[in-house]
Amino acid sequence: MKRIAVLTSGGDAPGMNACIRAIVLTAHRNQIEVIGFRHGYNGLLKREYQPLHPGDVVNIIQRGGTILRSARCPEFVTVESAELAAHNLNGMHIDALLVIGGNGSFMGAEHLAKYWDGQVVTLPGTIDNDIAGTDGTIGYYTAIDTALEAIDKVRDTADAFERIFLIEVMGRHAGFIGLNAAIGSGAEQMLLPELLDDGKAIDLSQIMRHIKVTRQKRGMCSYIIIITENLYPGGASALADKLTKEMNVDCKPVILGYIQRGGSPVSMDRILATKLGAYAVEAARDGKHLIMVGEQNHRVVEIPLEQTRTEKKPLDPYLVEIQQDFFDMVKNPT
Ligand code: F6P
């Protein structure tokens, strides 16, 4: 193996830079050259790239975002795009492509592999943690901490005014950030996609009942509801509006949004990214193809890439259960 390429694709995640760094340093140790494609798959199509040497990755481990830039590339589903990418990779004598990204980026990698003879190795990089086969994804741990820091601040003002807040977190269609933000902040309620039966709407009267009994038990107090984005038409603002008008309570919406994608990665993300980045290069060197490199019980694992598409990752049922028990203890105090 002489030359590999790396790209970051889809939503950027804190720790992507740490991962690029580990890839470059491990490749250098193995006398393998590294090319970085810029702007995700777009760089592969437009031959927008830069060589990456150890000197290029000094002091990036602590930086959020990605030095290679990221982008979505909707056209990368077509046969023509994959053929063009394969043509460019062959022209540049790339032996293996390493893709750091989420589900959409992994589908792009699988698609490319149908038209290209080189090796494809992927690494899970997304704040959403919605990738099966790995306990955590690069960026997820930082996103939880960022959300918690913000929610703690909202709690201060919520307490001062004894107000109800509806706080929307990211996650696309998965409740991993929402569940952990709810647990870590001691939220009174959480609304997550996994907890709603298919097609069922959020039960507003149940929320109201819970607010009422909480206040009966504790007296007038703050009340925080964590909601995952894309769960209610119009998002947290529309739902807060509805609660305020229809249920006659004063409910304030807070949308945490893109702050969850930025910032210096926490230690868990730096270490995960470093471990997976180094391992991915070794796996490529050893001829591995169409795999995702992930982590289970603190050990690096290789997962068939296809599995990340066909399997849905569940929330930890124990975490869900204890958090729901805590909500119920407010309802049924003994
Ligand atoms: O996948 C990461 C993520 O931040 C999701 O949580 C969110 O739904 C999505 O990306 C937003 O994507 P974009 O930045 O393309 O609007």
Side-chain angles (χ1 to χ4, degrees), residues 7-19 38-43 63-66 68-77 99-109 122-151 166-182 184 190-196 226-239 253-266 268-269 272-273 276 292 294 308-309 311-313 315:
L7 59 83
T8 47
S9 160
D12 53 287
M16 279 182 165
N17 280 329
C19 193
R38 293 173 65 79
H39 303 116
Y41 287 104
N42 297 292
R63 281 169 54 192
T66 157
L68 288 176
R69 308 289 185 256
S70 192
R72 309 214 181 258
C73 184
E75 72 260 42
F76 206 71
V77 292
V99 174
I100 310 169
N103 284 315
S105 313
F106 287 8
M107 281 189 225
T122 67
L123 301 101
T126 166
I127 61 165
D128 301 333
N129 194 33
D130 55 350
I131 298 180
T134 186
D135 293 341
T137 54
I138 297 163
Y140 166 58
Y141 300 104
T142 307
I144 296 171
D145 279 9
T146 304
L148 281 180
E149 204 185 322
I151 297 165
L166 189 58
I167 305 183
E168 182 179 296
V169 295
M170 277 188 165
R172 196 179 290 275
H173 300 294
F176 294 95
I177 299 177
L179 171 62
N180 285 280
M190 60 183 178
L191 302 171
L192 314 176
E194 292 85 348
L195 305 184
L196 277 186
I226 305 294
I227 180 170
T228 301
E229 63 175 347
N230 301 319
L231 203 58
Y232 188 80
S237 301
L239 185 55
V254 175
I255 296 161
L256 295 188
Y258 287 92
I259 62 160
Q260 294 160 98
R261 287 236 298 247
S264 183
V266 297
M268 292 265 283
D269 279 324
L272 177 67
L276 299 189
M292 175 192 75
T308 65
R309 176 171 44 80
E311 251 180 44
K312 193 168 157 48
K313 182 172 176 179
L315 294 178

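The analysis underlying the following values was restricted to heavy atoms, covering all of them including side chains, and did not include hydrogens, waters or symmetry mates. In this text the structure is predicted, and so the values were computed from the model without any measurement. Numbers here are sequence positions counted from 1. Remember, it's 1-based here, ligands and their atoms both numbered in the order they're listed.
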- Note on the structure: Distance col, row I167:CD1 vs L256:CG, nearest 0.5 angstrom, shows 6.0 Å
- For atom 12 (O) of ligand 1, the protein heavy atom that lies nearest, with its residue and separation: R72 NH2, 2.9 Å
- Message: If I take atom CG from residue N129 and atom OH from residue Y141, how far apart are they, to the nearest 0.5 angstrom?
- Response: 6.5 Å
- Backbone, side chain, both or neither: what part of R261 comes under 4.0 angstrom of ligand 1, heavy atoms only? side chain
- Task: Find all atoms of ligand 1 within a distance of less than 4.0 Å from any non-hydrogen atom belonging to D128, and give their numbers and elements.
- Result: 1 (O), 2 (C), 3 (C), 5 (C), 6 (O)
- Query: Roughly how far, to the nearest 0.5 Å, is OG1 of T134 from CE of M292?
  - Reply: 5.0 Å
- Starting from atom 16 (O) of ligand 1, locate the nearest protein heavy atom and write down its residue, its atom name and how far away it is, to 0.1 Å. Y258 OH, 2.8 Å
- Which atoms from ligand 1 have a heavy atom of E229 less than 4.0 Å away? 5 (C), 6 (O), 7 (C), 8 (O)
- Message: With side-chain contact (heavy atoms from CB on, under 4.5 Å) as the test, pick out the partner of I227 among L239, I255, V169.
- Response: L239
- Query: What is the distance from atom OG of S9 to atom CE of M107, rounded to the nearest 0.5 Å?
  - Reply: 11.5 Å
- Message: I'd like to know whether ligand 1 has G171 as a neighbour, heavy-atom separation below 4.0 Å.
- Response: yes
- Query: So how far is it from H173 NE2 to N103 CG, rounded to the nearest 0.5 Å?
  - Reply: 10.5 Å
- Task: Answer yes or no: does an N/O atom from I127 fall short of 3.5 Å to an N/O atom of ligand 1?
- Result: no
- In ligand 1, which numbered atoms sit nearer than 4.0 Å to a non-hydrogen atom of M170? 4 (O), 6 (O)
